[in-house]
Student: 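Take this structure, written in structure tokens, and hold onto it; I'll ask about it next.
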Amino acid sequence: MTAGRPQTALVLTGGGARAAYQVGVLAAVSELRGRRAGNPFPILCGTSAGAINATALAVFSRSFKYGVSRLEYIWRNLHVDQIYRADAPAVLGSIGRWGLALTTGWAVRQTPRSLLDNAPLGELLGRVLDFTEIGRAIERGHLRALSVTASGYSSGESLAFFEAAPDIQPWRRTHRMGVRSCIGVDHLMASSALPFVFPAVHIHREFFGDGSMRQLAPVSPAIHLGADRIMVVGAGRLAEEVRQRGEDYPSPAQIAGHAMSSIFLDTLAVDLERLDRINRSLALMTAEERRASAGLKPIETLVMLPSRRLDTIAGQHRLALPRTLRTVLRSLGAMRSEGSALLSYLLFEPAFTNALIGLGYEDTMARRGEVSDFLRL
């Protein structure tokens with residue numbers, strides 16, 4: 001693999017448990033490729049839960065088929081207690097600490113850091129991923145670059161931590177930059193630290209949270225890393241077909257779900273529109289004008305998004321959550337249909353993740369012609 005050849009990137013967005021949908025898409029891509037060896041995505045970019053999926057593919061980039069099968073096995077057998085502590089002492093203890101901080105903040109020396117303790121996720125990542133394989137894959141030509149995006153709480157910047165071939169240079173744009181790093185557990189924990197839900201992670205001299213926050217250009221890291229073609233796999237729909245009427249005041253879960261959707265979806269839609277406008281403008285230029293266009297180049301894109309609302313599917317499987325967590329979420333309104341968006345980010349249970357994997361597979365197979373043409377199969 002050389003920098004001079006066309007480079008295909010895979011961009012995986014965030015969404016907590018919703019990222020199981022991405023695994024279904026990847027399973028279908030693996031099936032469509034058949035017995036072809038190697039890695040169809042030399043550039044891998046991920047944010048939040050998508051960063052975990054992207055990094056897993058990077059670790060196993062010597063064999064895309066094997067990497068996808070490992071991802072699928074993990075997601076199909078995933079349980080809440082492998083991601084965050086959902087036992088009664090942990091959940092009730094967290095509620096107690098927050099209640100004490102809110103009612104007698106003057107007497108509490110240290111405010112709680114998060115609603116949930118996601119230490120089990122860090123332990124899981126450390127067990128199943130050998131991060132040293134990323135560098136080896138780059139050296140052997142199986143991979144060109146991996147980026148993981150996180151958001152800095154102090155600087156307010158969106159940082160794409162990347163591990164890549166030596167010729168790829170760091171970049172800086174307004175409120176966003178690319179920083180060369182050796183990707184590890186801390187980067188994934190930071191990128192997937194949902195605001196308020198999971199604790200921020202200290203990397204170098206700053207605390208970082210979920211990479212979807214203030215991510216003005218989700219597709220940008222792939223372009224900076226040299227992509228000519230980009231396949232984007234989201235974990236939610238960019239727009240709803242029908243505006244729904246609501247007479248009742250929104251519950252805390254409904255407001256939180258709306259905020260999450262804004263974080264994970266809105267900037268992706270804007271960035272894709274911007275990329276489409278650039279492509280159309282470049283198509284109207286002459287060859288000389290393109291050469292003088294400050295390095296701009298047309299980028300071929302394929303966007304895969306769920307054909308069904310994932311919060312509706314989450315609502316159908318809400319009873320799969322541990323009882324204590326169900327009780328807490330019910331008090332917030334998350335167990336009602338209008339609050340199931342929040343539920344969909346936290347429902348790391350096989351009933352939900354398997355449904356999403358199946359949907360991702362079906363959606364991709366329904367567009368198999370487009371996918372095959374894009375990947376030149």
Student: Are Met304 and Val29 in one and the same hydrophobic cluster, where Ile, Leu, Val, Met, Phe, Trp and Tyr link if side-chain heavy atoms are under 4.5 Å apart?
Tutor: yes
Student: Carefully, step by step, assess Glu133 and Asp130 under the rule side chain to side chain contact (heavy atoms under 4.5 Å, CB included).
Tutor: CA-CA 6 Å; Glu133 285 296 323; Asp130 180 358; 3.8 Å; yes
Student: When you group the ILVMFWY residues by side-chain heavy-atom contacts below 4.5 Å and let the links chain together, are Phe208 and Val197 in the same group?
Tutor: yes
Student: Using the rule given for side chain to side chain donor-acceptor pair (under 3.5 Å), can you reason through Asp363 versus Ser307, listing the C-alpha separation, both sets of side-chain angles and the distance that settles it, and then say yes or no?
Tutor: CA-CA 7 Å; Asp363 286 352; Ser307 59; 2.7 Å; yes
Student: Do Ile183 and Phe162 share a hydrophobic cluster, counting only Ile, Leu, Val, Met, Phe, Trp and Tyr and linking them when any side-chain heavy atoms are less than 4.5 Å apart?
Tutor: no
Student: Can I get a per-line list of side-chain donor-acceptor pairs under 3.5 Å for residues 347-362, giving both atom names and the distance, sequence neighbours left out?
Tutor:
from, atom 1, to, atom 2, distance (Å)
Glu349, OE1, His79, ND1, 2.9
Glu349, OE2, Val80, N, 3.0
Thr353, OG1, Trp75, O, 2.9
Thr353, OG1, Glu349, O, 3.2
Asn354, OD1, Arg76, NH1, 2.8
Asn354, ND2, Pro350, O, 3.0
Tyr361, OH, Glu31, OE1, 2.9
Tyr361, OH, Glu31, OE2, 3.0

Student: Between Arg36 and Leu377, what is the shortest heavy-atom contact and its length?
Tutor: NH2-C, 3.6 Å
Student: Rounded to the nearest 0.5 Å, what separation is found between the CG atom of Leu10 and the CD1 atom of Ile230?
Tutor: 10.5 Å
Student: How close do Asn39 and His142 get, heavy atom to heavy atom, and via which atoms?
Tutor: ND2-O, 3.3 Å
Student: Should Leu121 and Met189 count as side-chain neighbours, where that means a heavy-atom distance under 4.5 Å?
Tutor: yes
Student: Supply the atom-to-atom distance Leu116 CG to Leu325 CG, rounded to the nearest 0.5 angstrom.
Tutor: 6.5 Å
Student: Do you know the tightest heavy-atom contact between Gly15 and Ser48?
Tutor: N-OG, 4.1 Å
Student: Looking at every non-hydrogen atom in both residues, tell me the closest pair between Gln7 and Pro42 and how far apart they are.
Tutor: OE1-CG, 3.3 Å
Student: Within a radius of less than 6.0 Å around CZ of Arg62, do more than 12 heavy atoms belonging to other residues, nucleotides or ligands occur?
Tutor: no
Student: If you define the side chain from C-beta out and look only at heavy atoms, does anything of Thr149 sit under 4.5 Å from Pro221?
Tutor: yes
Student: Does the side chain of Asn118 reach to within under 4.5 Å of the side chain of Pro199, using non-hydrogen atoms?
Tutor: yes
Student: Indicate yes or no: at least one non-hydrogen side-chain atom of Thr312 is less than 4.5 angstrom from one of Gln316.
Tutor: yes
Student: Using a strict cut-off of less than 4.0 Å between a Lys/Arg side-chain nitrogen and an Asp/Glu carboxylate oxygen, indicate whether Asp167 and Arg144 qualify as a salt bridge.
Tutor: yes
Student: Between Leu302 and Ile43, is there shared hydrophobic-cluster membership here, with clusters defined by ILVMFWY side-chain heavy atoms closer than 4.5 Å?
Tutor: no
Student: Evaluate side chain to side chain contact (heavy atoms under 4.5 Å, CB included) for Asp228 paired with Thr8, printing each intermediate quantity in order.
Tutor: CA-CA 6 Å; Asp228 303 289; Thr8 303; over 6 Å; no
Student: Partners of Arg33 by side chain to side chain donor-acceptor pair (under 3.5 Å), sequence neighbours excluded?
Tutor: none
Student: Within the structure provided, determine whether Asp311 and Arg18 are in side-chain contact (heavy-atom separation under 4.5 Å).
Tutor: yes
Student: Can you tell me how far CG of Asn77 sits from CD of Gln82, rounded to the nearest 0.5 angstrom?
Tutor: 8.0 Å
Student: Can you see which heavy atom on Leu143 is nearest to which on Ser61, and at what distance?
Tutor: CB-OG, 3.8 Å
Student: What residues form a salt bridge (charged side-chain N to carboxylate O under 4.0 Å, His left out) with Arg376, not counting sequence neighbours?
Tutor: Glu300
Student: Once you round to the nearest 0.5 Å, how far does CG of Leu129 lie from OG1 of Thr55?
Tutor: 7.5 Å
Student: So how far is it from Leu57 CG to Leu12 CG, rounded to the nearest 0.5 Å?
Tutor: 7.0 Å
Student: Before giving the answer on side chain to side chain contact (heavy atoms under 4.5 Å, CB included), spell out for Ser151 and Ser158 the whole-Å C-alpha distance, their side-chain angles and the decisive distance to 0.1 Å.
Tutor: CA-CA 5 Å; Ser151 180; Ser158 176; 5.7 Å; no
Student: I'd like to know if the side chain of Arg318 and the backbone of Leu343 have a donor-acceptor N/O pair within less than 3.5 Å.
Tutor: no
Student: Angle between ring planes, Phe198 versus Tyr84, binned at 30° and 60°: parallel, tilted or perpendicular?
Tutor: tilted
Student: Which residue pairs satisfy the side-chain hydrogen bond (donor to acceptor under 3.5 Å, both in side chains) criterion with at least one member in residues 176-200, sequence neighbours excluded?
Tutor: Arg176-Ser220
Student: Would you say that Asp87 contacts Asp81 through its side chain, given a criterion of any heavy-atom pair below 4.5 Å between the two side chains?
Tutor: no
Student: Just by distance, do the side chain of Ser30 and the backbone of Leu26 share a donor-acceptor pair under 3.5 Å?
Tutor: no
Student: Begin from the C-alpha positions of Arg136 and Thr132 and carry the test side chain to side chain donor-acceptor pair (under 3.5 Å) through to its verdict.
Tutor: CA-CA 7 Å; Arg136 294 192 187 103; Thr132 62; 2.9 Å; yes
Student: Take Ile134 and Val59 through the test side chain to side chain contact (heavy atoms under 4.5 Å, CB included) and record every step on the way to the result.
Tutor: CA-CA 5 Å; Ile134 299 171; Val59 168; 4.0 Å; yes
Student: Under the ring-ring contact (aromatic ring centres under 6.0 Å, His included) rule, what pairs show up with a residue in residues 18-41, not counting sequence neighbours?
Tutor: Phe41-Phe64
Student: Given side chains that start at C-beta, do those of Met213 and Pro195 come closer than 4.5 Å, heavy atoms only?
Tutor: yes
Student: Counting N and O atoms only, with roles assigned by atom type, does the side chain of Glu163 sit under 3.5 Å from a partner on the main chain of Ala145, one being a donor and the other an acceptor?
Tutor: no
Student: Flag yes if Leu124 and Phe60 sit in one hydrophobic cluster, no otherwise; membership is Ile, Leu, Val, Met, Phe, Trp, Tyr, and two members link when side-chain heavy atoms are under 4.5 Å apart.
Tutor: yes
Student: Considering all heavy atoms of both residues, which atom of Ser344 and which atom of Leu310 are nearest to each other, and what is their separation?
Tutor: CB-O, 4.1 Å
Student: Of all residues at least two apart in sequence or in a different chain, which pass the side chain to side chain donor-acceptor pair (under 3.5 Å) check with Arg172?
Tutor: Glu157
Student: In Å, rounded to the nearest 0.5 Å, how long is the span from CG of Leu146 to CZ of Phe131?
Tutor: 9.5 Å
Student: Would you confirm whether Ser69, through its side chain, and Tyr66, through its main-chain N or O, come within 3.5 Å as a donor-acceptor pair?
Tutor: yes
Student: Flag the pair Pro170 / Met177 as yes when at least one side-chain heavy-atom distance between them is below 4.5 Å, and no otherwise.
Tutor: no
Student: Tell me if the centroids of the rings in Phe207 and Tyr153 come within less than 6.0 Å of each other.
Tutor: no
